[in-house]
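First comes the structure, then the notes that go with it.
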2 protein chains.
Amino acid sequence: MQPQKITAESVTSDKNQTLVEQILVQIQESIIKGELRPGSKINEQALAEKYGISRGPTREALQQLERQRLVVRIPHVGARVATLTIEELNDLYELRSTLEGMACELAAQRIDEQQLSQLWALLEQQEADLARGDSYFQQEGDVDFHYQIIQASGNRHLQETLIGGLYHLLRMYRYQCTSSSRPVRAIAEHRRIVEAIAARDAELAGLLMRRHIEQGRQNTEQRLRQLTAQEASAVS
Amino acid sequence: MQPQKITAESVTSDKNQTLVEQILVQIQESIIKGELRPGSKINEQALAEKYGISRGPTREALQQLERQRLVVRIPHVGARVATLTIEELNDLYELRSTLEGMACELAAQRIDEQQLSQLWALLEQQEADLARGDSYFQQEGDVDFHYQIIQASGNRHLQETLIGGLYHLLRMYRYQCTSSSRPVRAIAEHRRIVEAIAARDAELAGLLMRRHIEQGRQNTEQRLRQLTAQEASAVS
DNA sequence: GTGAACAACATTGTCGACAATCTTTCATTT
DNA sequence: AAATGAAAGATTGTCGACAATGTTGTTCAC
């Protein structure tokens, strides 16, 4: 995807949000997909020119990205893209496991009929995509799955913490470390989670979610190990 | 406390951080202490002039405050001080209970000797302050207590989420809703938590912490109920 | 008198320029 | 040749002004 300059048309066709919001999602994608490499320095001036805007909104976007943990900023020095390390991956998934476990317990208690049927529909969609071997939608579908459960928890601070704070970094790890060889098992786990939620069994739902996420962690960690080893040998 | 204008001396005497960092803590305190009333509108221009700086750094500070949940910003409309509601209080404490319970479990597993002796020292300090009836240090001591345990958890994302994201809003609720009539019990609970951590009993430590926080929630909720009822009658 | 449209005002969003700080380069000394 | 220091360059931090948007108050029609 090219950097999309802000034109008169895009401003009007888009719902005319603020410049920051418009470029934020684009930079997010660049980082998550690795077009901006982990650990690389970000030059405010250059980034601003790339999107045809000034440094003001660019700085605000970088601050947002820092909040989302995709960027690390140091005063008077500048911003760098976050680096992916084993230690941080473990910290991140440890926290995610607790939070999404909590979300799942709450969802089992509070989900309403409409949300539940949406969740069933998404699950069936995923199973269909799986049968068709459609790996792109598997990725997106997985994000949606967790997203919907978090929404159903009904706790706004929890939602904000997970979606506003952790989710983008998680997507970055998963995008860059994914070995797409695990969907069969993962979607079977999804089914069991939905069943537990539908049965209003909060304790079980939370437990299954924590296990499901631990599986994901192991998978991602293994892949990250390969990548870092590979990179180390490429340098020499 | 007066708004402290930034002078040449304060810049050099202070460790010469950035303007944003300097005013951020001042605005934080203003909000937490209620000098800026909950729900009131924040005017960027006025706020900038109050501290003798321009709107640029002021806007950045407001963004930081939004991240800390002390401020709500709406594009093209502006920023307001967060409002304190029963519903949000419950969401917030629900999340806090889970996160600090987790922190406590991890701390029991990972705390080192030095951190542990610091924790003991703080506990004894608190018990001494309690005997002396020193209510100001009780407040601060309680913040430190939870802070130290969070630090001892060793999970950087957890630390960032609690301290960077939730703690300031928690302090706001506690400052504005505190009925300082509970320290005896609270500090007894602190002692049991430290004992569990020292015994490396993660499960117990987490459980005690969650209970301790639930006590705090009930206390704060009750006080908030009184305040809102009081306010409603004052209007009529 | 009430409601809608419009104009005047106030506030936020964006920009370009300058100041403060950090980084790099290059000369100098040991 | 390596280390130190200073100067030049590049980058971030801050400012004031202008543009875009939201808000308020007034007028007019009904």
Side-chain angles (χ1 to χ4, degrees), chain A residues 3-27 31 36-37 39-67 70-82, chain B residues 3-27 31 36-37 39-67 70-82:
Chain A
Q4 194 172 327
K5 288 215 180 184
I6 312 298
T7 65
E9 302 90 73
S10 75
V11 168
T12 47
S13 70
D14 232 315
K15 273 164 200 156
N16 208 5
Q17 299 170 332
T18 185
L19 276 188
V20 177
E21 297 177 52
Q22 292 184 41
I23 63 163
L24 180 57
V25 291
Q26 296 194 49
I27 306 178
I31 292 178
L36 290 171
R37 269 173 310 173
S40 64
K41 186 149 191 321
I42 296 177
N43 185 310
E44 291 180 0
Q45 183 85 342
L47 196 62
E49 283 168 11
K50 181 173 170 185
Y51 293 102
I53 63 176
S54 82
R55 273 182 54 221
T58 307
R59 278 176 67 86
E60 287 200 25
L62 286 175
Q63 220 179 320
Q64 293 278 86
L65 290 167
E66 184 182 34
R67 169 185 174 191
L70 292 177
V71 151
V72 178
R73 290 197 327 156
I74 301 174
H76 294 291
V77 173
R80 306 193 88 90
V81 179
Chain B
Q4 194 173 327
K5 288 216 179 183
I6 312 298
T7 65
E9 302 90 73
S10 75
V11 169
T12 47
S13 69
D14 233 314
K15 273 164 201 157
N16 209 6
Q17 297 171 331
T18 186
L19 276 188
V20 177
E21 298 176 52
Q22 293 183 41
I23 63 163
L24 179 58
V25 290
Q26 296 194 49
I27 306 178
I31 292 178
L36 291 171
R37 269 174 310 173
S40 65
K41 186 149 192 319
I42 296 176
N43 185 308
E44 292 180 0
Q45 181 85 341
L47 196 62
E49 282 169 11
K50 181 173 170 185
Y51 293 102
I53 62 177
S54 82
R55 273 181 55 220
T58 306
R59 279 176 66 85
E60 287 200 25
L62 286 175
Q63 220 179 321
Q64 292 278 87
L65 290 167
E66 183 182 34
R67 169 185 174 193
L70 292 178
V71 151
V72 178
R73 290 197 328 155
I74 301 174
H76 294 292
V77 174
R80 306 193 88 92
V81 180

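The structure presented is a predicted model; accordingly, all values stated were derived computationally and were not measured. Just so you know, these numbers use all the heavy atoms, side chains as well, and skip hydrogens, waters and symmetry mates. By convention in this document, chain letters (A, B, ...) are assigned in the order of the sequence lines, proteins followed by strands, and residues within each chain are numbered from 1.
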- Please round to the nearest 0.5 Å and tell me the distance separating atom CD of A:Q26 and atom CD of A:Q22. 8.0 Å

- Query: For A:T18 and C:dT14, is the shortest distance between a side-chain N/O and OP1 or OP2 below 4.0 Å?
  - Reply: yes

- Item | Atom-to-atom span, CD of A:E66 to C1' of D:dT12 - whole angstrom | 14 Å

- Task: Calculate the interatomic distance between B:R73 atom CZ and D:dG22 atom C1'; express it in whole Å.
- Result: 16 Å

- Item | Any side-chain heavy-atom pair of B:I23 and B:L47 under 4.5 Å | no

- Protein-nucleotide distance (B:E49, atom CD; D:dC15, atom C1'), rounded to Å: 13 Å

- For B:E44, which residues count as a side chain to side chain contact (heavy atoms under 4.5 Å, CB included) partner, sequence neighbours excluded? B:R55, B:R59, B:L62

- So OG of A:S54 and CG of A:L19: to nearest 0.5 Å the spacing works out to 8.0 Å

- Task: Calculate the interatomic distance between B:L24 atom CG and D:dG13 atom C1'; express it in whole Å.
- Result: 16 Å

- Taking CD from A:E60 and P from D:dG13, how many angstroms apart are they, rounded to a whole number? 13 Å

Between N or O atoms, less than 3.5 Å apart, protein on one side and nucleotides 8-12 of chain C on the other: list the pairs.
unit_1: C:dT11; atom_1: OP1; unit_2: B:N43; atom_2: ND2; d: 3.2
unit_1: C:dT12; atom_1: OP1; unit_2: B:K41; atom_2: NZ; d: 3.2
unit_1: C:dT12; atom_1: OP1; unit_2: B:I42; atom_2: O; d: 3.3
unit_1: C:dT12; atom_1: OP2; unit_2: B:E44; atom_2: N; d: 3.4

- Find the distance A:L62:CG to D:dT11:C1' and express it as a whole number of Å. 13 Å

- Check the distance between C:dC18's C1' and B:L19's CG and give it to me in whole angstrom. 15 Å

Distances under 3.5 Å between protein N/O atoms and the N/O atoms of nucleotides 5-7 of chain C, please, pair by pair.
none

- One should read off an interatomic distance between A:K50 NZ and A:I27 CD1, to the nearest 0.5 angstrom, of 8.0 Å

- Query: Would B:Q64 and A:Q63 count as having a side-chain donor-acceptor pair, cut-off 3.5 Å?
  - Reply: yes

- Task: Flag the pair A:Y51 / A:T58 as yes when at least one side-chain heavy-atom distance between them is below 4.5 Å, and no otherwise.
- Result: no

- Short question: side chain of A:R80, backbone of A:G39 - any donor-acceptor pair under 3.5 Å? yes

- Query: Do other residues, nucleotides or ligands put more than 12 heavy atoms under 6.0 Å from the CZ atom of B:R37?
  - Reply: no

